[in-house]
K.L.:
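Here it is: the structure, laid out below.
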Amino acid sequence: MATDTTPRVTAEPPPSNRRRSSRPLARFLLSRLLQMLVTLAVLIPLTFLLFRAVPGDPAAAVVGPDMDPAVADQLREQYGLDQPLPQQFLSYCLALLQGDLGTSFQYKVPVVDVLADRLVNSAVLVVPAVLLAVALGVALGAFAATSSRRFDEGVRTSAFVIKASPIFWVSTLALTLFGLTLGWVPSLGMFSPGEGGDGLTRFLSLDFLHHLALPLTILVLYYLVEPTLTMRTSMKEVLDQEFIELGRAQGLPRRRIVYRHGARNAALPVVTLAPALVDNIIGGQVIVETVFSWPGMGRGVVEAVNNYDYPMMQGIFLLTAVTVIVVNAVIDVAYAYLDPRVRLA
């Protein structure tokens, strides 16, 4: 009986698509991580020198203008300000590697503890404002692009008026009108005297929501402009594309064409708008928190600069820089997954 001695060639299975797609993603994440480290390596010494170039004496800010020179020298020695700048910077970097941001000159407590409280206070104001602004902006922009010309022009005009109005002026005017004159909302702070408490449950009280109403409304109005205008322009471009015409030819309902297919694709540019929106958030947050005496990160920047509190200034700037860098990296990854035409390779 003859046997078949022909060698058989077995084809190896093709590599997994998941493995193939994970390699570019891993390389992309690694490159973004390296960019983050390089950016921080440049920003840390730069901000360290810039803050110390500001005219003023931290010891005088702590003690007062009529301070005893001996007390001032003791404070400078306590804070390490009597050391040469290279030695101060080396001590700062060594402490930073251990997660120590230093001790606040103003509050006499670790900067990490101060930033933890202020970060929570800012988050309960900024996060709802951003979510509401983006959601309302996407919906309003899509509706303006598909509605009557008069409504579309009204939305654009209102957006341009809000964008051209200084946020400091609007915040002060709103505080004077609704807080001081009409008395509809509290004027300053997060809580009324004797209210508040400990834990996150204090942010669910009616007193807190009453204080939150006016600054939240102002931030939402200002954050609403960019998503609305971007979504409106993108929606008009998407509605002229071929796949929209194909949906109409197939007899699909207008609502499904506009909001399921058109709005989904038109919302992609709003994702790329997030880094610029973060920059606007930081600037607006400082002004609004200062006007309304909101004890958050924005007001902390102003207080730290006024009191020459180097550790606080460095800590706030470092936290802000890390936030911006991480948001940019997350947006890049999210956009690549939302838009199938974008590849990470």
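Just the heavy atoms: all of them, side chains too, but no hydrogens, waters or symmetry mates, feed the values below. Along the sequence shown, residues carry numbers from 1.
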K.L.:
Check the surroundings of atom CD in Glu77: do more than 12 heavy atoms from other residues, nucleotides or ligands lie under 6.0 Å from it?
P.N.:
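Incorrect, the count does not exceed 12.
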K.L.:
State yes or no: do Leu188 and Val170 share one hydrophobic cluster built from I, L, V, M, F, W and Y residues joined by side-chain heavy-atom distances below 4.5 Å, directly or via other members?
P.N.:
yes
K.L.:
Under the rule for side chain to side chain donor-acceptor pair (under 3.5 Å), what residues qualify as partners of Glu153, not counting sequence neighbours?
P.N.:
Arg149
K.L.:
Does CD belonging to Gln74 count more than 12 external heavy atoms closer than 6.0 Å?
P.N.:
no
K.L.:
If you take all heavy atoms of Asn121 and Gly296, which pair is closest and at what distance?
P.N.:
CB-CA, 4.2 Å
K.L.:
Can you find a heavy atom in the side chain of Met36 that is under 4.5 Å from one in the side chain of Val326?
P.N.:
yes
K.L.:
Determine the minimum heavy-atom distance between Ala304 and Met313, stating which atoms define it.
P.N.:
CB-CG, 3.5 Å
K.L.:
If you round to the nearest 0.5 Å, how far is OG1 of Thr146 from CE of Met235?
P.N.:
5.5 Å
K.L.:
With a cut-off of 6.0 Å (strictly less than), are more than 12 heavy atoms of other residues, nucleotides or ligands near CZ of Phe168?
P.N.:
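For Phe168, atom CZ is not crowded (no more than 12 foreign heavy atoms under 6.0 Å).
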K.L.:
So, does Tyr308 use its side chain to make a donor-acceptor pair with the main chain of Phe51 at under 3.5 Å?
P.N.:
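Such a contact is absent between Tyr308 side chain and Phe51 backbone.
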K.L.:
Cluster question for you: counting only ILVMFWY and a side-chain heavy-atom cut-off of under 4.5 Å, with indirect links fine, are Val301 and Val109 together?
P.N.:
yes
K.L.:
In Å and rounded to the nearest 0.5 Å, what is the CG to CG distance from Leu318 to Leu115?
P.N.:
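That separation rounds to 9.5 Å.
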K.L.:
Trp169, Leu224: one ILVMFWY side-chain cluster at the under-4.5 Å cut-off?
P.N.:
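Trp169 clusters together with Leu224.
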K.L.:
Checking Phe292 against Arg299 for the side chain to side chain contact (heavy atoms under 4.5 Å, CB included) test, could you report, in this order, the C-alpha distance in whole Å, the side-chain angles of both residues, the deciding distance, and whether it holds?
P.N.:
CA-CA 9 Å; Phe292 290 94; Arg299 189 183 175 193; over 6 Å; no
K.L.:
If every non-hydrogen atom of Ser147 is compared with every non-hydrogen atom of Asp152, which pair is closest and at what distance?
P.N.:
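Looking at all heavy atoms of both residues, the shortest contact is OG-N, 4.4 Å.
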K.L.:
Please name the pair of heavy atoms, one in Gly315 and one in Val111, separated by the smallest distance, quoted to 0.1 Å.
P.N.:
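Nearest heavy atoms, Gly315 then Val111: CA-CG1, 4.4 Å.
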K.L.:
Is any side-chain heavy atom of Met312 closer than 4.5 Å to one of Gln106?
P.N.:
no
K.L.:
To the nearest 0.5 angstrom, please state how far the OG1 atom of Thr290 sits from the CD atom of Gln285.
P.N.:
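The CD atom of Gln285 is 9.5 Å from OG1 of Thr290, to the nearest 0.5 Å.
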K.L.:
Checking Ile325 against Leu40 for the side chain to side chain contact (heavy atoms under 4.5 Å, CB included) test, could you report, in this order, the C-alpha distance in whole Å, the side-chain angles of both residues, the deciding distance, and whether it holds?
P.N.:
CA-CA 9 Å; Ile325 294 172; Leu40 291 176; 4.1 Å; yes
K.L.:
Rounded to the nearest 0.5 Å, how far does CZ of Phe178 lie from CG of Leu173?
P.N.:
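Result: 8.0 Å between the selected atoms.
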K.L.:
Are Ile316 and Met297 side-chain neighbours, meaning at least one heavy-atom pair lies under 4.5 Å?
P.N.:
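The answer is yes; the side chains approach within 4.5 Å.
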K.L.:
According to a 4.5 Å side-chain heavy-atom criterion applied to Ile, Leu, Val, Met, Phe, Trp and Tyr, with indirect links allowed, do Trp184 and Leu177 form part of one hydrophobic cluster?
P.N.:
yes
K.L.:
Yes or no on side chain to side chain contact (heavy atoms under 4.5 Å, CB included) for Leu96 and Leu101, after CA distance, side-chain angles and deciding distance?
P.N.:
CA-CA 6 Å; Leu96 191 61; Leu101 298 178; 3.3 Å; yes
K.L.:
Looking at every heavy atom in both Leu319 and Thr323, which two are closest together, and how far apart are they?
P.N.:
O-OG1, 2.8 Å
K.L.:
Decide whether a cation-pi geometry holds between Arg52 and Phe48; the criteria are a distance under 6.0 Å from NZ or CZ to the six-membered ring centre and an angle within 45° of the ring axis.
P.N.:
yes
K.L.:
Hey, is the main chain of Ser205 close enough, under 3.5 Å, to the side chain of His210 for a donor-acceptor pair?
P.N.:
no
K.L.:
Does any non-hydrogen side-chain atom of Ser192 lie less than 4.5 Å from one of His211?
P.N.:
yes
K.L.:
Using a strict threshold of under 4.0 Å (side-chain N to carboxylate O), is an ion pair present between Arg118 and Glu303?
P.N.:
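Salt bridge: yes.
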K.L.:
Taking Thr47 for the side chain and Leu43 for the main chain, is one N or O donor matched with an acceptor at less than 3.5 Å?
P.N.:
yes
K.L.:
Counting only N and O atoms by type, is there a donor-acceptor contact under 3.5 Å from the side chain of Trp294 to the main-chain atoms of Leu212?
P.N.:
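Not confirmed, Trp294 side chain does not pair with Leu212 backbone.
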K.L.:
If you group Ile, Leu, Val, Met, Phe, Trp and Tyr by side-chain heavy-atom gaps below 4.5 Å, do Val127 and Val286 land in one group?
P.N.:
no
K.L.:
Would you say that Val288 contacts Tyr222 through its side chain, given a criterion of any heavy-atom pair below 4.5 Å between the two side chains?
P.N.:
no
K.L.:
Donor-acceptor pair, distance only, cut-off 3.5 Å: does the side chain of Thr103 make one with the backbone of Lys108?
P.N.:
no
K.L.:
Working note: Asp100 + Leu94, criterion side chain to side chain contact (heavy atoms under 4.5 Å, CB included); need CA distance, chi angles, decisive distance, verdict.
P.N.:
CA-CA 9 Å; Asp100 183 9; Leu94 293 177; over 6 Å; no
K.L.:
State, with a plain yes or no, whether a side-chain heavy atom of Ile44 is found less than 4.5 Å away from one of Tyr92.
P.N.:
yes
K.L.:
Mind listing the closest non-hydrogen atom pair of Glu289 and Ser122 along with its distance?
P.N.:
OE2-OG, 2.8 Å
K.L.:
Within a strict 4.5 Å, meaning less than it, do heavy atoms of the Tyr223 and Leu132 side chains meet?
P.N.:
no
K.L.:
Mind checking the CD1-CD1 spacing from Ile162 to Ile218? Nearest 0.5 Å is all I need.
P.N.:
11.5 Å
K.L.:
Taking C-beta and beyond as the side chain, do Leu81 and Phe105 meet within less than 4.5 Å on heavy atoms?
P.N.:
yes
K.L.:
Between atom CG of Leu204 and atom CG of Leu209, what is the distance when rounded to the nearest 0.5 Å?
P.N.:
7.5 Å
